[in-house]
**Student:** 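After the structure tokens below, expect a handful of questions from me.
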Amino acid sequence: MNDTILVINCGSSSLKIAVFDASFQRLGSALAERLGQSDAFARSDDNQHFHLKPGSAHREALGVLVSHFQSTGLLRGQPLAIGHRVVHGGEAFREAVVINPQVLDTIAACASLAPLHNPVNLLGIEATAELFPDVAQVAVFDTAFHQTLPEKAFLYALPTRFYRDWGIRRYGFHGTSHRYMLSETARLLDKPESEVSLVSAHLGNGCSITAIRDGASVDTSMGLTPLEGLVMGTRSGDVDPGLFDFLAGKGLDPAEAHRILNNESGLLGLSGQTNDMRTLSEMADHGHAPSALAIDVFCFRLARYIGAMMASLKTLDALVFTGGIGENSARVRATTLAQLELFGFRLDEELNRHHGAYTAGRIDASTSRHRIMVIPTNEELMIAREAVATTSG
Ligand code: ADP
């Protein structure tokens, strides 16, 4: 029976797979990690562990996990549709597309913009096509939702030949999550998406914030790469571009500087301890000053960016928090919004404290000028919906 939808998300050394039924209920999911390494492993959401041969790559992991879902009966016959998360669609893709040879070539051509992700996304697509040669596969791009950014928001103030010849511009990421925030807010407020304006803050290990005006992304904090913008778990976010020259003077080559800004900075770099916000909050509560400082820098940058996003909006239906930190950290929400009273944001302390993951809801005080909401993200569900909409459209 063709009644399931597969969602596949290949990271550089991981693979996540989720199975939905035709009414978009999640039936199960599984994860493989440390792919390509001697201790590669896989497990399902019901905590079954699977043996992967040392050094197993995405193809082997996909085979093992698909067989698991087939043997448990969650996956029967051919899926209705298969959706793949693809990180970078450049300017070629404004929406999800059914994958064909030309689409594959274009995803490959965008690989210079996402060298860690697009090649591995292509591997996942190829391996899935071998398992299910007759099922339509859909590419859902992290960048597509932001293709509505106006020039004034996506251009860097660089010589225009950089954009013309090399495509250097702000692309934005986390598009699937911000798109889901739009869809959920529209549903909760009972308004058409095309009439909803939001500031959407996705705060996980990676963090980005987007201004959505009348249903379209009009500004976002990540840029040419996901390094720009907010403070993140291990990424610095914004730094002075003059830093690279300065570091070169100190003998750091560009690859080393890139590694430090991506993997050793952000909350980890500031605290000297961890990139994990929950642990940092606990350490700050126990008087660890660098952890408290890391949270302060994180929240101040976030507050600045919320203010910056307001410049692109005429009205605001809601400020929405999502991602592991956005959904769970009452402290981050309170510390950030305390700095934005000039804009009229006021939290209800009680609602803020009690709101956690799995429940969407409002956390603003009755005196707040704007609605403030927590909405758990669900990128896999969004990809499943896009896969079905694209194949049946
Ligand atoms: P990813 O971007 O990898 O999907 P998540 O969205 O799961 O990451 O977010 C991970 C972050 O969420 C971590 O910093 C984690 O500490 C934080 N987080 C999760 N639960 C809590 C909590 N209860 N309080 C504070 N931070 C939390």
Side-chain angles (χ1 to χ4, degrees), residues 7-18 26 29-34 45 85 87 116-117 142 172-181 184 200-210 220-222 225-227 229-237 262-286 288 290-299 301-302 320-337 347 351-360 363 374-383:
V7 173
I8 294 169
N9 178 354
C10 286
S12 47
S13 62
S14 68
L15 182 149
K16 291 184 196 159
I17 177 167
R26 180 196 288 253
S29 60
L31 163 78
E33 281 186 311
R34 309 187 71 81
D45 55 355
R85 175 190 180 214
V87 166
L116 289 182
H117 290 100
D142 276 17
F173 299 87
H174 286 150
T176 307
S177 179
H178 294 301
R179 172 77 188 72
Y180 183 70
M181 290 305 112
E184 278 298 280
S200 164
H202 177 108
L203 312 174
N205 273 314
C207 300
S208 73
I209 185 162
T210 294
T220 194
S221 59
M222 284 179 167
T225 74
L227 185 56
L230 300 174
V231 175
M232 313 184 206
T234 61
R235 291 181 222 149
S236 61
N262 276 282
N263 303 334
E264 292 182 9
S265 300
L267 294 172
L268 172 64
L270 285 164
S271 68
Q273 298 291 324
T274 175
N275 61 334
D276 188 277
M277 182 59 86
R278 188 171 11 193
T279 311
L280 283 177
S281 295
E282 286 161 11
M283 292 178 68
D285 285 343
H286 287 94
H288 187 253
S291 297
L293 182 63
I295 299 172
D296 265 0
V297 176
F298 181 96
C299 294
R301 179 87 55 87
L302 177 59
V320 177
F321 287 95
T322 193
I325 299 172
E327 292 163 29
N328 293 296
S329 178
R331 176 193 199 125
V332 164
R333 296 189 299 250
T335 310
T336 303
L337 292 182
L347 275 179
L351 287 175
N352 185 42
R353 250 198 317 277
H354 288 291
H355 242 289
Y358 313 119
T359 50
I363 54 171
V374 174
I375 299 184
T377 196
N378 197 337
E379 288 160 286
E380 286 159 348
L381 170 61
M382 194 70 227
I383 293 174

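In each ligand, atom 1 is the first atom listed, and ligand 1 is the first ligand listed.
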**Student:** Compute whether any side-chain donor of one residue and acceptor of the other, for D45 and S29, lie under 3.5 angstrom apart.
**Tutor:**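 Judged by distance alone, the side chains do pair up.
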**Student:** Name all residues meeting the side chain to side chain contact (heavy atoms under 4.5 Å, CB included) criterion together with T279; count only those two or more places apart in sequence or in a different chain, and write none if there are none.
**Tutor:** T274, D276, M283
**Student:** Report the residues that fulfil salt bridge (Lys or Arg N to Asp or Glu O under 4.0 Å) with E282, sequence neighbours left out, ordered by chain and then residue number.
**Tutor:**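 Salt bridge (Lys or Arg N to Asp or Glu O under 4.0 Å) check on E282 returns nothing, list empty.
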**Student:** For F173, which residues count as a ring-ring contact (aromatic ring centres under 6.0 Å, His included) partner, sequence neighbours excluded?
**Tutor:**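 F173 satisfies ring-ring contact (aromatic ring centres under 6.0 Å, His included) with H88 once adjacent residues are dropped.
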**Student:** Within the distance-only criterion (no hydrogens, no angle test), does the side chain of R235 pair as donor or acceptor with the backbone N or O of P226 below 3.5 angstrom?
**Tutor:** yes
**Student:** Measuring only between side-chain heavy atoms, which start at C-beta, is K16 closer than 4.5 Å to E380?
**Tutor:**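 Yes; the side chains approach each other to less than 4.5 Å.
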**Student:** Show the protein residues that qualify under the rule heavy atom under 4.0 Å from an atom of ligand 1, listing them in chain and number order.
**Tutor:** G204, N205, G206, N275, D276, M277, R278, G323, G324, I325, N328, S329
